[in-house]
Asks: 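The following block contains the structure, expressed as structure tokens.
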Amino acid sequence: MQYIKQLKLLNYKRFKEFEVEFDSKINTIIGDNEAGKSTILQAIELLSSGSRHKVEATGIESILNKDSVTEFLAGEKTFEKLPEIHVEAYLSDETNPDLFGNHNSKNTNASGLHMVCLPNEELINEINQVLALDNGNFPFEFYIVKFITFNGEAYSG
């Protein structure tokens with residue numbers, strides 16, 4: 001049976017960077033209130049759904065790490081420095097060629113799924129106009145969501 005071996009989060013909700021290894025049989029997530037237990041489960045749910053609609057309904061502004069946004073707004077506000085969200089699930093079954101490849105943050109061959117939320121490069125001029133206003137607004141509305149396998153192919157629910 002296929003299972004998630006490892007979950008990696010970057011700029012996802014309360015986690016700027018987070019990795020967790022899972023056991024093949026049973027896993028228990030324990031922590032204080034606001035420690036991130038529900039965040040881990042939500043990340044897995046959004047990633048496995050492959051649904052842009054679910055991510056958009058949740059709202060990029062609610063899942064993008066607030067510290068990353070604050071750091072961006074306090075620094076040099078350029079398109080290239082805009083923070084991205086990454087959720088990666090490394091899977092146990094490495095026999096499925098549709099899931100196997102090196103399109104992951106480790107650039108190593110593995111089986112898995114990857115969700116990324118990043119600024120839309122097709123709207124770079126509009127984003128730069130918003131950033132030039134220097135009014136403290138963050139261009140959440142210009143973010144797009146992509147779901148890809150580690151093979152580099154797009155997937156959906």
Side-chain angles (χ1 to χ4, degrees), residues 1-76 78-121 138-157:
M1 180 171 87
Q2 182 161 258
Y3 68 93
I4 298 173
K5 293 190 326 185
Q6 182 183 45
L7 181 71
K8 290 185 71 175
L9 305 176
L10 176 68
N11 292 325
Y12 188 85
K13 293 188 96 169
R14 72 174 327 277
F15 298 113
K16 193 146 185 187
E17 288 185 52
F18 179 79
E19 286 185 38
V20 62
E21 301 278 337
F22 291 106
D23 185 73
S24 63
K25 299 199 180 345
I26 193 164
N27 296 276
T28 305
I29 301 173
I30 300 171
D32 292 333
N33 287 342
E34 300 298 316
K37 303 177 300 291
S38 296
T39 297
I40 293 167
L41 296 175
Q42 181 192 45
I44 293 170
E45 194 273 327
L46 288 176
L47 175 68
S48 61
S49 76
S51 171
R52 286 185 180 98
H53 175 71
K54 276 191 174 188
V55 174
E56 290 166 356
T58 302
I60 299 292
E61 64 280 355
S62 72
I63 62 173
L64 183 57
N65 178 271
K66 294 187 183 351
D67 291 337
S68 296
V69 172
T70 302
E71 287 174 19
F72 173 81
L73 291 173
E76 183 184 352
T78 64
F79 180 87
E80 294 75 27
K81 294 190 184 266
L82 283 163
E84 298 179 358
I85 300 168
H86 292 267
V87 177
E88 296 178 335
Y90 291 76
L91 305 174
S92 63
D93 180 11
E94 296 188 345
T95 62
N96 184 339
D98 294 331
L99 301 176
F100 191 79
N102 64 358
H103 292 268
N104 54 64
S105 61
K106 295 179 182 180
N107 292 317
T108 59
N109 283 323
S111 183
L113 302 173
H114 186 178
M115 177 185 85
V116 61
C117 302
L118 69 165
N120 188 342
E121 289 184 8
F138 191 87
F140 294 109
E141 66 275 15
F142 295 106
Y143 273 65
I144 58 172
V145 182
K146 294 182 181 181
F147 294 93
I148 57 169
T149 66
F150 285 6
N151 187 24
E153 299 295 321
Y155 74 92
S156 65

Asks: Once ring-ring contact (aromatic ring centres under 6.0 Å, His included) is applied, what residue pairs with a partner in residues 25-74 remain, sequence neighbours excluded?
Replies: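 ring-ring contact (aromatic ring centres under 6.0 Å, His included) check on residues 25-74 returns Phe72-Phe138.
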Asks: Is it true that Glu88 and Lys106 have a side-chain N and a carboxylate O under 4.0 angstrom from each other?
Replies: no
Asks: Indicate the atoms forming the closest heavy-atom contact of Lys8 with Ser105, along with that distance.
Replies: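 Looking at all heavy atoms of both residues, the closest pair is NZ-OG, 2.8 Å.
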Asks: Nearest 0.5 Å, please: how far is CD1 in Ile4 from OG in Ser111?
Replies: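 The distance works out to 11.0 Å.
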Asks: How would you list, by chain and number, every residue that makes a side chain to side chain contact (heavy atoms under 4.5 Å, CB included) with Asn120, sequence neighbours excluded?
Replies: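 In terms of side chain to side chain contact (heavy atoms under 4.5 Å, CB included), with neighbours along the sequence ignored, Asn120 is linked to Glu122, Leu123, Ile144.
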Asks: I'd like to check the side-chain hydrogen bond (donor to acceptor under 3.5 Å, both in side chains) partners of Glu56; sequence neighbours left out, ordered by chain and number.
Replies: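 Residues passing side-chain hydrogen bond (donor to acceptor under 3.5 Å, both in side chains) with Glu56: none at all.
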Asks: If you count heavy atoms of other groups shown closer than 6.0 angstrom to NZ of Lys37, is the number above 12?
Replies: yes
Asks: Applying the side-chain contact (heavy atoms from CB on, under 4.5 Å) test to Tyr143, which of Val55, Val116, Leu64 qualifies?
Replies: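 When Val55, Val116, Leu64 are each tested with Tyr143, the side-chain contact (heavy atoms from CB on, under 4.5 Å) holds only for Leu64.
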Asks: Considering all heavy atoms of both residues, which atom of Ala35 and which atom of Phe15 are nearest to each other, and what is their separation?
Replies: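 That closest heavy-atom pairing would be O-CZ, 3.7 Å.
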Asks: Scan residues 91-120 for pairs that pass ring-ring contact (aromatic ring centres under 6.0 Å, His included), counting only residues two or more places apart or in two chains.
Replies: His86-His114
Asks: Among residues at least two apart in sequence or on other chains, which ones pass side-chain hydrogen bond (donor to acceptor under 3.5 Å, both in side chains) with Thr39?
Replies: none
Asks: So does Ala43 get a backbone contact from the side chain of Lys13, meaning a donor-acceptor N/O pair under 3.5 Å?
Replies: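 Such a contact is absent between Lys13 side chain and Ala43 backbone.
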Asks: Are Leu46 and Val87 close enough that some pair of their side-chain heavy atoms sits under 4.5 Å apart?
Replies: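 When only atoms from C-beta onward are counted, Val87 and Leu46 do not touch, as no gap falls below 4.5 Å.
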Asks: Looking at Ile44 and Leu7, what are the two nearest heavy atoms and their distance?
Replies: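 Answer, listing the atom of Ile44 first, then Leu7: CG1-CD2, 3.9 Å.
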Asks: Does any non-hydrogen side-chain atom of Ile40 lie less than 4.5 Å from one of Ile29?
Replies: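 The answer is yes; the side chains approach within 4.5 Å.
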Asks: Apply side chain to side chain contact (heavy atoms under 4.5 Å, CB included) to the pair Lys146 and Met115, showing each step before the final yes or no.
Replies: CA-CA 6 Å; Lys146 294 182 181 181; Met115 177 185 85; over 6 Å; no
Asks: Checking Thr95 against Gln2 for the side chain to side chain contact (heavy atoms under 4.5 Å, CB included) test, could you report, in this order, the C-alpha distance in whole Å, the side-chain angles of both residues, the deciding distance, and whether it holds?
Replies: CA-CA 10 Å; Thr95 62; Gln2 182 161 258; over 6 Å; no
Asks: Quick check: does any side chain N or O of Asn104 sit under 3.5 Å from a backbone N or O of Asn107, one acting as donor and the other as acceptor?
Replies: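 Answer holds: yes.
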Asks: Can you list the residues that meet the side-chain hydrogen bond (donor to acceptor under 3.5 Å, both in side chains) rule with Glu19, with sequence neighbours excluded?
Replies: Gln6
Asks: Quick one, Lys16 and Glu71 - any side-chain contact, counting heavy atoms below 4.5 Å?
Replies: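 A side-chain contact under 4.5 Å exists here.
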Asks: Using the rule given for side chain to side chain contact (heavy atoms under 4.5 Å, CB included), can you reason through Leu99 versus Asp93, listing the C-alpha separation, both sets of side-chain angles and the distance that settles it, and then say yes or no?
Replies: CA-CA 9 Å; Leu99 301 176; Asp93 180 11; over 6 Å; no
Asks: Determine, for Lys5 against Glu94, whether the closest basic-nitrogen to carboxylate-oxygen distance falls under 4.0 angstrom.
Replies: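 Looking at Glu94 together with Lys5, the answer is yes, because their closest N to O distance falls below 4.0 Å.
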Asks: Does atom CD (Glu141) have a neighbourhood of more than 12 heavy atoms from anything else shown, all under 6.0 Å?
Replies: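 More than 12 heavy atoms, drawn from other residues, nucleotides or ligands, come within 6.0 Å of this atom.
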Asks: Can you confirm whether Pro139 sits close enough to Leu82 that some side-chain heavy atom of one is under 4.5 Å from a side-chain heavy atom of the other?
Replies: yes
Asks: Looking at residues at least two apart in the chain, or sitting in another chain, which of them share a ring pair (Phe, Tyr, Trp, His ring centres under 6.0 Å) with Phe142?
Replies: none
Asks: Within the side chain of Thr149, is there an N or O that forms a donor-acceptor pair under 3.5 Å with the backbone of Leu113?
Replies: no
Asks: Would you say Asn11 and Ser68 are linked by a side-chain donor-acceptor pair, where the criterion is simply a distance under 3.5 Å?
Replies: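 The criterion, which ignores hydrogens and geometry beyond distance, is satisfied for Asn11 and Ser68.
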Asks: Quick one: does Asp67's side chain get under 4.5 Å of Arg14's, heavy atoms only?
Replies: no
Asks: Could you pull out all residues at least two apart from Tyr155 that satisfy ring pair (Phe, Tyr, Trp, His ring centres under 6.0 Å)?
Replies: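 If we apply the ring pair (Phe, Tyr, Trp, His ring centres under 6.0 Å) test to Tyr155, skipping adjacent residues, the hits are Phe147.
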Asks: Considering all heavy atoms of both residues, which atom of Asn151 and which atom of Pro97 are nearest to each other, and what is their separation?
Replies: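 Minimum heavy-atom separation between Asn151 and Pro97: ND2-O, 3.2 Å.
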Asks: Quick one: list whatever passes side chain to side chain contact (heavy atoms under 4.5 Å, CB included) with Thr28, sequence neighbours left out.
Replies: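 With sequence neighbours excluded, Thr28 shows a side chain to side chain contact (heavy atoms under 4.5 Å, CB included) to Ile30, given in chain and number order.
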Asks: Considering residues at least two apart in sequence or located in another chain, which fulfil the ring pair (Phe, Tyr, Trp, His ring centres under 6.0 Å) criterion with Tyr12?
Replies: none
Asks: Mind checking what makes side-chain hydrogen bond (donor to acceptor under 3.5 Å, both in side chains) contact with Ser62, not counting sequence neighbours?
Replies: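 Applying side-chain hydrogen bond (donor to acceptor under 3.5 Å, both in side chains) to Ser62 gives none.
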Asks: For Glu34, what residues pass the side chain to side chain contact (heavy atoms under 4.5 Å, CB included) criterion, not counting sequence neighbours?
Replies: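 Once residues adjacent in sequence are excluded, Glu34 has no partner under the side chain to side chain contact (heavy atoms under 4.5 Å, CB included) criterion.
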